[in-house]
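Notes to accompany the following structure.
Throughout, a chain's letter reflects where its sequence line sits, starting with A, and its residues are numbered from 1. Side-chain atoms are counted along with the backbone in the values below, which use heavy atoms only and exclude waters and symmetry mates.
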Amino acid sequence: DGGITQSPKYLFRKEGQNVTLSCEQNLNHDAMYWYRQDPGQGLRLIYYSQIVNDFQKGDIAEGYSVSREKKESFPLTVTSAQKNPTAFYLCASSTGWGYEQYFGPGTRLTVT
Amino acid sequence: GQQVMQIPQYQHVQEGEDFTTYCNSSTTLSNIQWYKQRPGGHPVFLIQLVKSGEVKKQKRLTFQFGEAKKNSSLHITATQTTDVGTYFCAGPMIYNQGGKLIFGQGTELSVKP
């Protein structure tokens, strides 16, 4: 089946630790995105990538880092510099500019 | 900067009542997309409108794109409990920025049986 997978579904970490969230897609999409969603809030863009080995900061990139070494994969690292990391993280992909985005099931990160 | 505003933020209806959410952009959009996110789930693409004045229907859902391509609406006729969730509209940035979409804040729909 084609789609986007994110793992794990739930993740718990202690404050001060870096954590990497996985995002894999087999849709052959060029563009991939990371969003953060807080309770009752909309989607805020963290990072996006148009093509392998290239990515740009979104609206709230501070405290996050990404890599795009393979077309299928776009992992997100939440660093200890992110002041409020507890949130629902969504990965998405699309064929390109202006096209619909397909979202993964998300990872709920809790940092205590 | 380019913004997409969505109203209302919340809507509570009795099952069987109609529901409408409105989306307004600060700039002309090449297209408007609608997504639905069920409670605890992830956004799922519903539809894309491209043409000025376009109207599309999906069963009880009617989507409209304004003549000026700056506003859109989603209307649900005779809501059911399965309609519960948050509905987002989204439009592409006017400059090529990796397919970046600007999402509205969403309208959360609750349906009382």
Side-chain angles (χ1 to χ4, degrees), chain A residues 2-7 9-10 21 23 25 27 29-61 66 68 74 87-108, chain B residues 1-11 21 23 25 27-51 56 58 63 65 69 85-110:
Chain A
I4 300 179
T5 57
Q6 290 185 246
S7 60
K9 188 172 183 179
Y10 298 94
L21 311 184
C23 177
Q25 55 101 356
L27 299 168
H29 286 171
D30 287 317
M32 296 187 74
Y33 314 84
W34 273 104
Y35 294 92
R36 169 181 173 141
Q37 187 175 41
D38 295 284
Q41 301 296 311
L43 304 171
R44 292 190 290 170
L45 184 64
I46 305 173
Y47 268 97
Y48 62 101
S49 169
Q50 284 182 272
I51 198 168
V52 175
N53 292 323
D54 185 53
F55 49 83
Q56 284 79 40
K57 293 182 179 180
D59 302 316
I60 55 166
V66 294
R68 185 85 188 277
F74 192 40
F88 186 40
Y89 291 88
L90 288 157
C91 179
S93 71
S94 74
T95 54
W97 187 88
Y99 291 94
E100 66 269 25
Q101 294 186 5
Y102 295 85
F103 287 81
T107 293
R108 294 190 184 276
Chain B
Q2 191 174 352
Q3 293 184 347
V4 174
M5 306 299 290
Q6 202 172 342
I7 56 170
Q9 188 174 0
Y10 303 97
Q11 186 77 57
T21 173
C23 183
S25 170
T27 60
T28 301
L29 298 169
S30 60
N31 69 67
I32 189 86
Q33 300 169 22
W34 286 92
Y35 295 79
K36 176 183 179 180
Q37 184 176 22
R38 295 182 184 275
H42 59 278
V44 174
F45 173 75
L46 293 177
I47 206 164
Q48 177 176 278
L49 304 173
V50 178
K51 299 176 183 177
K56 286 188 176 180
Q58 289 180 348
F63 303 84
F65 200 11
K69 301 183 72 172
T86 300
Y87 294 85
F88 293 96
C89 63
M93 288 289 287
I94 55 177
Y95 301 108
N96 185 1
Q97 293 192 27
K100 181 178 174 180
L101 292 179
I102 299 179
F103 282 84
Q105 286 301 102
T107 295
E108 184 178 339
L109 172 65
S110 63

Practice prompt. Examine distances only and state if a side-chain atom of Lys51(B) and a backbone atom of Phe65(B) form a donor-acceptor pair shorter than 3.5 Å.
Written response: no
Worksheet item: Can you say whether the rings of Phe45(B) and Tyr35(B) are parallel (under 30°), tilted (30 to 60°) or perpendicular (over 60°)?
Response: perpendicular
Item to complete: Would you mind telling me which of Gln105(B), Gln37(B), Gln33(B) has the largest number of heavy-atom pairs within less than 4.5 Å of chain A?
Response: Gln33(B)
Practice prompt. Return the option, out of Gly106(A), Ala92(A), Gly58(A), Pro105(A), with the maximum number of heavy-atom pairs under 4.5 Å with chain B.
Written response: Pro105(A)
Item to complete: Give, as side chain, backbone, both or neither, the part of Phe55(A) having an atom under 4.5 angstrom from any heavy atom of chain B.
Response: neither
Discussion item. Is Gln6(B) close to chain A through its backbone or its side chain, or both, or neither, when contacts mean heavy atoms under 4.5 Å?
Written reply: neither
Item to complete: Just say parallel, tilted or perpendicular for the rings of Tyr48(A) and Tyr33(A), cut-offs at 30° and 60°.
Response: parallel
Worksheet item: Between Arg108(A) and chain B, which part of the residue has a heavy atom less than 4.5 Å away: side chain, backbone, both or neither?
Response: side chain
Worksheet item: Do Tyr87(B) and Gln11(B) have side-chain N/O donor and acceptor atoms under 3.5 Å apart?
Response: no
Item to complete: Please look at Asp59(A) and chain B and tell me whether the side chain, the backbone, both or neither of the residue comes under 4.5 angstrom of a heavy atom of that chain.
Response: side chain
Practice prompt. Mark yes or no for whether Trp34(A), through its side chain, and Phe74(A), through its backbone, hold a donor-acceptor pair below 3.5 Å.
Written response: yes
